[in-house]
**Student:** 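Just dropping this structure here.
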Amino acid sequence: MINKKNKVAFFASGGGSNFQAILDKINSQELSEADPVLLISNNSKCGAVLKAQEAQVAVAHISGYTHKTEEQQAQAMVQVLQKYGVEWIVLAGYMKKIPALVLEKWKNRIINIHPALLPAFGGTGMWGHHVHKAVIASGVRVSGATVHFVDEIYDNGAIIAQKSVPVFSEDTPKNVAERVLVVEHDLYWRALQGLLSSKIYLQGSKVYGDIQ
Ligand code: GAR
């Protein structure tokens, strides 16, 4: 059976290991439902941009350098997303807020991965290493990764999938980050696959169905 291909755009600001992990699953046909058509980045020199170029995925650099105002940035995003016929947006280490205009046009079609077990350790300022620092400072013995829908509030949308990892007393933020990243790479493509194949879906504010 040939699966329907959904045109997917990625947003990334950093190294792009989550982006690459999903591309790998698309290339190996395990995630045959996705067609990666575009990467949007606010950082033209980041690892994710290099990875997109290597994979021949179109890149759009949209930031304060390319477009002065937030409104112009939002318009540019919508324009390029529409140009590529994007149906789903996957945030993969994107460190900027998604403009309201994009949220409105791709409502319930934008997902994010967060490096902790939401609703704990989320919200404004909780990104990247800040999350792992807070996890260690709190003394919790588990952390993990959360895939969730994106709405207008940081890390607030309905939770799609989670996976936990242990936190040990001798851990540093760096090694918690590394341990979490391993599960992120396994979790994100499965969550995306569930959504693209409608095995996972949002009804009201609740998510139904599970990752395979
Ligand atoms: C990942 O750990 C991701 O969960 C986190 O940034 C890292 C990006 O790594 N995202 C956030 O903190 C968003 N709030 P990557 O560039 O190697 O995929």
Side-chain angles (χ1 to χ4, degrees), residues 8-27 31 34 36 38-55 57 59-63 88-99 102-103 110-138 140 142-167 171-192 211:
V8 178
F10 295 83
F11 281 50
S13 307
S17 73
N18 275 289
F19 170 51
Q20 185 68 55
I22 293 175
L23 285 182
D24 290 347
K25 294 296 175 184
I26 294 171
N27 288 336
L31 180 55
L38 177 67
L39 174 85
I40 293 183
S41 182
N42 58 309
N43 178 357
S44 63
K45 295 198 165 59
C46 71
V49 166
L50 292 175
K51 289 178 166 75
Q53 286 164 344
E54 264 168 36
V57 172
V59 174
H61 173 212
I62 300 175
S63 72
W88 285 86
I89 296 174
V90 171
L91 309 187
Y94 185 65
M95 302 308 177
K96 294 271 183 192
K97 203 151 190 195
I98 299 296
V102 176
L103 287 172
I110 309 177
I111 62 173
N112 179 45
I113 191 154
H114 183 78
L117 295 176
L118 292 175
F121 305 108
T124 308
M126 281 291 185
W127 54 270
H129 64 283
H130 299 291
V131 176
H132 307 295
K133 264 190 186 163
V135 161
I136 295 209
S138 76
V140 294
V142 288
S143 191
T146 303
V147 179
H148 64 95
F149 283 103
V150 175
D151 65 15
E152 54 289 338
I153 302 168
Y154 270 125
D155 303 325
N156 175 73
I159 291 173
I160 299 161
Q162 292 183 300
K163 201 162 178 181
S164 63
V165 300
V167 177
D171 271 338
T172 62
K174 187 170 176 281
N175 55 41
V176 176
E178 285 165 2
R179 202 175 298 130
V180 170
L181 208 51
V182 172
V183 302
E184 289 185 42
H185 295 166
D186 188 53
L187 190 69
Y188 211 2
W189 76 273
R190 292 180 193 281
L192 181 60
I211 55 169

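Every number for a ligand or one of its atoms is a count from 1 in the order of the listing. From a predicted model like this one, the values you see are computed outputs, not experimental measurements.
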**Student:** Suppose we measure from atom 6 (O) of ligand 1 to each protein heavy atom; which comes out shortest, and what is that distance?
**Tutor:** Met95 CE, 3.3 Å
**Student:** Please list the nearest protein heavy atom to atom 8 (C) of ligand 1 with its residue and the distance rounded to 0.1 Å.
**Tutor:**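 Heavy-atom neighbour on the protein nearest atom 8 (C) of ligand 1: Gly93 CA, 3.7 Å.
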**Student:** Whether the Ser13 and Asn43 side chains hold a donor-acceptor pair (N or O, under 3.5 Å, no angle test) is what I'd like checked.
**Tutor:** no
**Student:** Using a 3.5 Å cut-off on N or O atoms only, is Tyr94 in polar contact with ligand 1?
**Tutor:**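 In fact, backbone or side chain, Tyr94 has no N or O that close.
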**Student:** Where the side chain of Glu184 meets the backbone of Asn18, is there a donor-acceptor pair that is under 3.5 Å apart?
**Tutor:**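 It does not hold such a pair.
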**Student:** Do Ile22 and Tyr188 have side chains that approach each other closer than 4.5 Å (heavy atoms only, starting at C-beta)?
**Tutor:**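 They are in contact (side-chain heavy atoms under 4.5 Å apart), so the answer is yes.
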**Student:** Of the protein's non-hydrogen atoms, which lies at the shortest distance from atom 4 (O) of ligand 1, and what is that distance?
**Tutor:** Glu184 OE1, 2.8 Å
**Student:** Give me the nearest non-hydrogen protein atom to atom 15 (P) of ligand 1 as residue plus atom name, then the distance to 0.1 Å.
**Tutor:** Ser17 N, 3.4 Å
**Student:** Just let me know how Val131 lines up against ligand 1, side chain, backbone, both or neither, with a heavy-atom cut-off below 4.0 Å.
**Tutor:**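 Neither; nothing of Val131 gets under 4.0 Å from ligand 1.
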**Student:** Among Asn18, Leu187, Ile113, which one puts a heavy atom closest to atom 13 (C) of ligand 1?
**Tutor:** Ile113
**Student:** Below 4.5 Å, heavy atoms only, C-beta onward: do Leu103 and Asp151 meet side chain to side chain?
**Tutor:** no
**Student:** Report yes if some heavy atom in the side chain of Asn42 is under 4.5 Å from a heavy atom in the side chain of Ile62; otherwise report no.
**Tutor:** no
**Student:** Please determine if Gly16 has a nitrogen or oxygen closer than 3.5 Å to a nitrogen or oxygen of ligand 1.
**Tutor:** yes
**Student:** Do any nitrogen or oxygen atoms of Asn112 lie less than 3.5 angstrom from nitrogen or oxygen atoms of ligand 1?
**Tutor:** no
**Student:** Looking at atom 11 (C) of ligand 1, what's its closest protein heavy atom, distance included?
**Tutor:** Pro115 CD, 3.7 Å
**Student:** Relative to the heavy atoms of His114, which atoms of ligand 1 are at a distance of less than 4.0 Å?
**Tutor:**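 So the answer, numbered in order with elements, is 4 (O), 14 (N).
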**Student:** Check each atom of ligand 1 against the heavy atoms of Trp127 and keep those under 4.0 Å away; list them by number with element.
**Tutor:** 12 (O), 14 (N)
**Student:** Does Gly128 come within less than 4.0 Å of ligand 1, judged by its heavy atoms?
**Tutor:** yes
**Student:** Using a distance-only test with no angle check, is there a side-chain donor-acceptor pair under 3.5 angstrom linking Ser143 and His132?
**Tutor:**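 Side chains of Ser143 and His132: no pair found under 3.5 Å.
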**Student:** Quick check on contacts: which atoms of ligand 1 are under 4.0 angstrom from a heavy atom of Gly15?
**Tutor:**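 Near Gly15, meaning under 4.0 Å from one of its heavy atoms, ligand 1 has 16 (O).
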**Student:** Can you confirm whether Val142 sits close enough to Pro166 that some side-chain heavy atom of one is under 4.5 Å from a side-chain heavy atom of the other?
**Tutor:** no
**Student:** Return yes if some donor-acceptor pair links the side-chain N/O of Ser41 with the main-chain N/O of His61 below 3.5 Å, else return no.
**Tutor:** no
**Student:** For Trp88, enumerate each residue passing the ring-ring contact (aromatic ring centres under 6.0 Å, His included) test, keeping only those at least two apart in sequence or located in another chain.
**Tutor:** none
